[in-house]
Amino acid sequence: MVEHVYRRAAASPAVSRVIVATDDMRIADAVTSFGGEVSLTRADHSTATDRLAEVAATLDCDVIVNVQGDEPLIDPRAIGEAIAPFADPAVSMTTLYHRIDNPADLANPNVVKLVVDRAGFALYFSRAPIPHARDPRDGWPPLHRHIGLYAYRRSALLVLAALEPTPLERTEALEQLRALEHGIRIRAVETAYDSIGVDTPADLEQVRRLLAAPTSG
């Protein structure tokens, strides 16, 4: 799976270098076996953001993208969409979201939901169905799910990783809430390119079927 993620990230013209950050020698060996670059990190990181920041501290770059290792179907064009907002120097962090088209996703805690403001910044992320429709007769607003990809200014990433984990982050087990609770705005970009995070054995089987299909990329 990590090779699929690596090659899709490397296929993005917006990306100049791809590094797998891990503390697991089995993953490191798998990456080197297909010619990928790997950076071994400490084993005590509680989140991917913290692990990423350890590697970022050694790099000379402005923007860093975190493509999570459980996103083997991530589209290279989606990575470019996450990077595009950094043309605005005021943007320090971005992520992606996709319209929910399967009602079952609302009740699935492994599908992270988010709501955004009118300027396109994330208001909140949750494993619970949000927003709540107090009276469904009034209809539902657009419902969105989070795609497991972030991009950061390197400087913002280092600041974020140095901050204490926050109550909402711990409650939801969602590291992006640390940024929101500390006042770091996250530019949320709606993407047409779908992806499936592998959180369960059923997710893995679905991804395997899609990758085996003749039209898979």
Side-chain angles (χ1 to χ4, degrees), residues 21-24 41-57 63-71 74 82 85-86 88 90-100 102-136 140-191 195-200 203:
T22 182
D23 65 336
D24 191 323
T41 67
R42 303 196 318 268
D44 60 348
H45 293 301
S46 59
T47 71
T49 299
D50 301 320
R51 189 180 311 281
L52 183 66
E54 180 185 341
V55 178
V63 174
I64 293 176
V65 181
N66 178 9
V67 181
Q68 299 185 35
D70 62 357
E71 293 281 347
I74 197 72
F86 289 99
D88 179 351
V91 172
S92 60
M93 181 175 175
T94 69
T95 195
L96 300 176
Y97 66 93
H98 186 78
R99 185 71 61 91
I100 290 178
N102 180 359
D105 286 345
L106 279 175
N108 184 349
N110 291 318
V111 177
V112 176
K113 278 67 70 173
L114 77 157
V115 288
V116 299
D117 67 16
R118 294 193 175 202
F121 287 87
L123 288 171
Y124 193 64
F125 298 81
S126 181
R127 298 183 183 278
I130 56 172
H132 171 72
R134 183 177 180 184
D135 188 346
W140 287 80
L143 302 171
H144 304 124
R145 62 183 180 82
H146 184 227
I147 300 293
L149 184 153
Y150 306 93
Y152 314 79
R153 299 269 182 208
R154 177 180 176 274
S155 56
L157 172 60
L158 297 181
V159 168
L160 178 61
L163 297 172
E164 288 294 320
T166 53
L168 291 176
E169 174 188 2
R170 293 191 181 100
T171 298
E172 295 261 18
L174 296 174
E175 61 199 84
Q176 62 269 40
L177 292 177
R178 186 191 312 178
L180 295 185
E181 286 190 84
H182 282 288
I184 298 173
R185 301 183 79 194
I186 303 175
R187 179 72 168 84
V189 179
E190 184 170 11
T191 180
S195 184
I196 299 172
V198 178
D199 298 299
T200 67
D203 294 335

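All heavy atoms count here, side chains included; hydrogens, waters and symmetry mates do not.
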*Can you find a pair of side-chain heavy atoms, one from Q176 and one from T95, that are under 4.5 Å apart?*
no
*What distance separates S126 OG from L177 CG, expressed to the nearest 0.5 Å?*
8.0 Å
*Are any of the side-chain heavy atoms of K113 and L143 separated by less than 4.5 Å?*
no
*Single hit among Y150, F121, F125 for side chain to side chain contact (heavy atoms under 4.5 Å, CB included) with I186*: F125
_Considering only residues two or more places apart or on different chains, which pairs with a residue in residues 124-133 satisfy salt bridge (charged side-chain N to carboxylate O under 4.0 Å, His left out)?_
none
*asked:* For a quick test of reading the model, state the closest non-hydrogen atom pair linking E54 to T41 and the distance between them.
replied: OE1-CB, 3.3 Å
*Kindly compute the distance separating CG (L106) from CZ (R145), expressed to the nearest 0.5 Å.*
11.0 Å
*Determine which pairs satisfy salt bridge (charged side-chain N to carboxylate O under 4.0 Å, His left out) with at least one residue from residues 114-123, sequence neighbours left out, and list them in order.*
D117-R185
_Just so I know, are the side chains of R99 and H144 near enough to count as touching, which here means a heavy-atom distance under 4.5 Å?_
yes
*Please examine the side chains of V63 and R153, heavy atoms only from C-beta on, and report whether any two atoms are closer than 4.5 Å.*
yes
*Nearest atoms (heavy-atom pairs only) where L114 meets Y97*: CD2-CB, 3.3 Å
*To the nearest 0.5 Å, what is the distance between CD1 (I184) and CG (L160)?*
4.5 Å
*Return the minimal non-hydrogen interatomic distance between F86 and Y152, and the atom names on each side.*
CZ-N, 3.8 Å
_Nearest 0.5 Å, please: how far is CG in L52 from CG in L157?_
5.0 Å
*Check whether any side-chain heavy atom of L163 lies under 4.5 Å from a side-chain heavy atom of E181, and answer yes or no.*
no
*Looking only at heavy atoms, what is the nearest atom pair of V91 and P85, with distance?*
CG2-O, 3.6 Å
_Between V65 and V67, is there a side-chain heavy-atom distance shorter than 4.5 Å?_
yes
_Euclidean distance, I130 CD1 relative to L123 CG, rounded to 0.5 Å_ = 9.0 Å
*Looking only at atom types and distance, does a side-chain atom of T94 sit under 3.5 Å from a main-chain N or O of A82, one as donor and one as acceptor?*
yes
_Working to the nearest 0.5 angstrom, can you tell me the gap between T166 OG1 and L180 CG?_
8.5 Å
*Going by the salt bridge (charged side-chain N to carboxylate O under 4.0 Å, His left out) test, which pairs reach into residues 164-177, not counting sequence neighbours?*
E169-R178
*Considering only NZ, NE, NH1 and NH2 on the basic side and carboxylate oxygens on the acidic side, decide whether R42 and D50 come within less than 4.0 Å.*
no
